[in-house]
*Asks:* 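Below are the structure tokens for one structure; questions will follow.
Note on naming: letters A, B, ... go to the chains in the order of the sequence lines (proteins, then strands), and numbering restarts at 1 for each one.
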Amino acid sequence: MANKTGATIELLNVSKVYPNQPEPAVENFTMTINPGELVMLVGPSGCGKTTTMKMINRIIEPSSGSIKIDGQDILTLDQNQLRRNIGYVIQQIGLFPHMTIAENVAVVPTLLGWSKDKIRARVAEMLELVELDPSVFSNRYPKQLSGGQQQRVGVARALSADPPVMLMDEPFGATDPITRERLQAEFQQLQANIGKTIVFVTHDFEEAIKLGDRIAVLSKRSKIEQFDTPANILANPASEYVASFIGEGAALKRLALMRVDSAVESGNATGPAISRDENLRVALDSVVLNAGRPVPVVGGGRVSIESISAALGIDVSRLGQ
Amino acid sequence: MTVQATENVSTSYSQPSDRRGGFYTAKRFGTPLLVIAALGGLLLFLYSRGEPDKIEAFALNWDYMLAKIDEHIRISLFSAIVVALIAIPMGIVISRSKSRIVSAVVLGLANVGQATPAVGVIILLALTFGIGWATAVAALVIYGLLPVLRNTITGIAQIDPNITEAARGMGMRPLQVLFKIELPLAVPVILAGFRTALVFSVGVATIATFINAGGLGEVIVVGLKLTRPAVLLTGAIVVSCIALLLDWLAGLAEDALRPKGV
Amino acid sequence: MGKYDLSLIWPFFLDKLDEIIELSTEHVLVVLISVLLATIFGVSLGLFAWDKPLLRSASIATAGVILTIPSMALLALMIPTFGLGWVPTLIALALYSLLPIVRNTVVGLREVPEAVMESARGMGMSPLRVLLSVQMPIAWPVILTGLRVATQLAIGIASIAAYVAGPGLGVYIFKGLSMLGAKNALNFALTGTVMIIIIALLFDALFILIKRLTTSRGIRG
Ligand SMILES: Nc1ncnc2c1ncn2[C@@H]1O[C@H](COP(=O)(O)OP(=O)(O)O)[C@@H](O)[C@H]1O
Ligand SMILES: [Mg+2]
């Protein structure tokens, strides 16, 4: 269980029909998620994202089909044991209001029977991981925290027992745009270090592009319209539906996913230098700010409108305006 | 002070205490002050009018009054505790049952029960099972069940379902969810029901004198029957003070037991 | 239960019908008058106190103390001043009914969203105008619930009033007690109790109807 690399999740022909509902909420959903992969389920409200996700920890029991984690059929496992090994974050956060922050984070380790010392150390470690000072926050109650802080506690709580799998249902959905950006950036950093297998539900396509290793674009009854990397979906939307979901500015979105590395050409330039780790969208902005002239890259070389266009395969000279 | 609207007869009595840890609140000191003033005024009145006459002396002496007070508090507390022992587990079982019908039936019955006059219950019980202490306790218990039962059910039902889902999602077993999450969060509402039951108990115990169960109702009845206003006032004031004090104590307990952070 | 003959209850009922109707009428009347008194006083107090924190807390706390006093004791407290019969009963019932009415009036008026109040003021309504044409209609269902609860309380407590020579169906309940062991004792007590329950349920139904008819469609749940 202490495997840091995450687990494989296989869903095969999974369907869910709610009682007294004419249509299934999820129909024949099949997907394989690799260890350590962050898969985004994205689609309009009511398309069945949440239902699909909640079947993985059996908060919702599938009507048919099979779900395996690391080859084990989850329906044969004790559901509480199963859940203790799956981190769970929901949009409403669901912190326990009568427990302190430390007690909230300690819930699953306590359920698993860890020693007091180990739990205490773990709680501090988790709070630091989500950038909350343990000496300040441990003994506070949830209502004494801002929304963004509460959401971080929610993530810390889900991670506390080091589960190989995490399920996250619009975890940043209820926060204001600025807090959301910060939480997303922190989360991206976090996932780079911990490498969990994560199923992440969102209706925000930008968020899906920013965070996902792969994105599943879903339509009604959780039908998979396209399941691919963000760059591939942006470059080759599989259908009108997916294209409409991407919306305007696909090329700019793709630029945001590419590193400056991929567009460096030799030559000199004047103006503020840009780092190789930056994304091309920032690079394009710099070029435009530099009155369209190429800008130098730290460590040698430069980027220009032409080199960015070549990297993307599209003429970008009119994009930056 | 946040005041909540009254929804039914039980909630018109005690509501979850709203004292937010503020120790120096009016209610914390107001009730004891009021009780002291009332009892002090009563004593002053009784002593200033001189020796009680022969009939009054039957009731207006410390031995008799203390015995009645003792009887009254005993029967009220005993019934309230029996009520808690029956109604809280019952409320939990009912709220476990998936069927909405069960809770609807219980709450419906509770409404009819609310319309039933206490004096009717106690006298009907006495007519069928005989008069005396046990019958009085039965009446007090029946009457006190409703508020605690109702508050236990609503106390659990009002918990944000996302909180219990988070608990289940973390792998808590149903009993763990109940004891670690649901009950602690329902405590303020359940205790408010218990306070109501306690106030009911003191009130119904006053009526219990009609079926020879003693208590301070007896003092009032003696005063009425023998037309001695001083006796009647003494009984009425003392029993009112008991009701206020028990309600106040239950309020303090509620503050102490309320989970922090809620 | 051998002492009592419940099969006689129907003949008993028919035999005593006139008296039962009279006592029921008395019961309804005493409740109506006292709740009306409590409404006039309680709603006025609520209207006056809802935006004055100290007065608001004080009124609710006082009414709470009154409700905590056992009904027997409150009735007894009336007697030295008002004697026996209707008057002490009316006053005691009215006092009891105060808490739900005051509390719900205050809560109802306070629950009106600040945005609604502000836009009403912004349109140039005077405070009285805001109170009457914005706050009251929005608070009305809550106030009405307070009246309903007050009525329920009064119906139950009125039964004890018979002991202080007050009116109403309590007379039958106490008659049953005083005839303990006699054949008709249970019939008396049962008739009194059941009639009170019926009256309470009828009043409840009436309040539901009034609530439906008098609540703006826009805020009806
Ligand atoms: N408990 C339920 N009972 C019946 N229908 C439900 C329930 N939960 C969700 N649904 C329905 O299933 C569909 C998918 O819901 P959901 O998975 O919550 O969608 P999403 O998370 O994509 O917004 C919706 O049409 C919704 O109305
Ligand atoms: Mg959803």
*Asks:* Among Ile160(C), Leu177(C), Thr145(C), who wins on heavy-atom pairs under 4.5 Å with chain B?
*Replies:*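 Of Ile160(C), Leu177(C), Thr145(C), Leu177(C) has the most heavy-atom pairs under 4.5 Å with chain B.
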*Asks:* Please classify the contact between Val65(C) and chain B as side chain, backbone, both or neither, with a heavy-atom cut-off of under 4.5 Å.
*Replies:*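 Val65(C) touches chain B through backbone and side-chain heavy atoms alike.
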*Asks:* Among the options Ile237(B), Leu232(B), Thr227(B), pick out the one with the most heavy-atom pairs lying under 4.5 Å from chain C.
*Replies:*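 Looking at each of Ile237(B), Leu232(B), Thr227(B) in turn, Leu232(B) comes out on top.
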*Asks:* Counting only non-hydrogen atoms closer than 4.5 Å, does Ile123(B) touch chain C with its backbone (N, CA, C, O), its side chain (CB onward), both, or neither?
*Replies:*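 For Ile123(B), the contact with chain C is made by the side chain alone.
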*Asks:* Quick check for you: among Ala162(C), Gly176(C), Pro70(C), which has the greatest number of heavy-atom pairs under 4.5 Å with chain B?
*Replies:*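 Among Ala162(C), Gly176(C), Pro70(C), the one with the most close pairs to chain B is Pro70(C).
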*Asks:* Indicate yes or no for a side-chain donor-acceptor contact from Ser178(C) to the backbone of Lys175(C) under 3.5 Å, with no hydrogens or angles considered.
*Replies:*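 Here the side-chain-to-backbone pair exists.
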*Asks:* Quick one: of Ile143(C), Ile69(C), Ile197(C), Ile198(C), who has the most non-hydrogen atom pairs under 4.5 Å with chain B?
*Replies:*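 Among the listed options, the one with the most contacts to chain B is Ile197(C).
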*Asks:* Got a salt bridge between Arg74(B) and Glu71(B), using NZ or NE/NH1/NH2 to carboxylate O under 4.0 Å?
*Replies:*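 Between Glu71(B) and Arg74(B) there is no salt bridge, as every charged N stays at least 4.0 Å from the carboxylate O atoms.
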*Asks:* Any non-hydrogen side-chain atom of Ile157(C) less than 4.5 Å from a side-chain atom of Tyr96(C)?
*Replies:*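 In contact.
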*Asks:* Sort Ile155(C) into side chain, backbone, both or neither according to what part of it lies under 4.5 angstrom from a heavy atom of chain B.
*Replies:*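 Looking at Ile155(C), nothing touches chain B.
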*Asks:* Got a second to check how far Leu127(B)'s CG is from Phe188(C)'s CZ, nearest 0.5 Å?
*Replies:*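 Between atom CG of Leu127(B) and atom CZ of Phe188(C) there are 12.0 Å.
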*Asks:* Can you tell me which portion of Ile211(B) sits under 4.5 Å from chain C's heavy atoms? Options are side chain, backbone, both or neither.
*Replies:*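 Just its side chain gets close to chain C.
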*Asks:* Which bit of Leu216(B) comes within less than 4.5 Å of chain C, counting heavy atoms only: side chain, backbone, both or neither?
*Replies:*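 Nothing of Leu216(B), per the 4.5 Å heavy-atom cut-off to chain C.
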*Asks:* Can you see which heavy atom on Ala253(B) is nearest to which on Leu191(B), and at what distance?
*Replies:*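 That closest heavy-atom pairing would be O-CD1, 4.4 Å.
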*Asks:* Between Val164(C) and chain B, with a heavy-atom cut-off of 4.5 Å, which part of the residue counts as in contact: side chain, backbone, both or neither?
*Replies:*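 For Val164(C), side-chain heavy atoms alone lie under 4.5 Å from chain B.
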*Asks:* With a 4.5 angstrom heavy-atom cut-off, could you sort out which part of Ile242(B) is near chain C: side chain, backbone, both or neither?
*Replies:*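 Contact with chain C is absent: no heavy atom of Ile242(B) under 4.5 Å.
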*Asks:* Would you say that Trp248(B) contacts Leu245(B) through its side chain, given a criterion of any heavy-atom pair below 4.5 Å between the two side chains?
*Replies:*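 The answer is yes, as the side chains (C-beta and beyond) meet within the 4.5 Å cut-off.
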*Asks:* Using only atom types and a distance under 3.5 Å, with no angle test, would you say the side chain of Tyr163(C) pairs donor to acceptor with the backbone of Gly170(C)?
*Replies:*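 Such a contact is absent between Tyr163(C) side chain and Gly170(C) backbone.
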*Asks:* Ignoring hydrogens, what is the shortest heavy-atom contact between Glu56(B) and Ala230(B)? Give both atom names and the distance.
*Replies:*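 Heavy atoms only, the tightest pair is OE2-CB, 4.2 Å.
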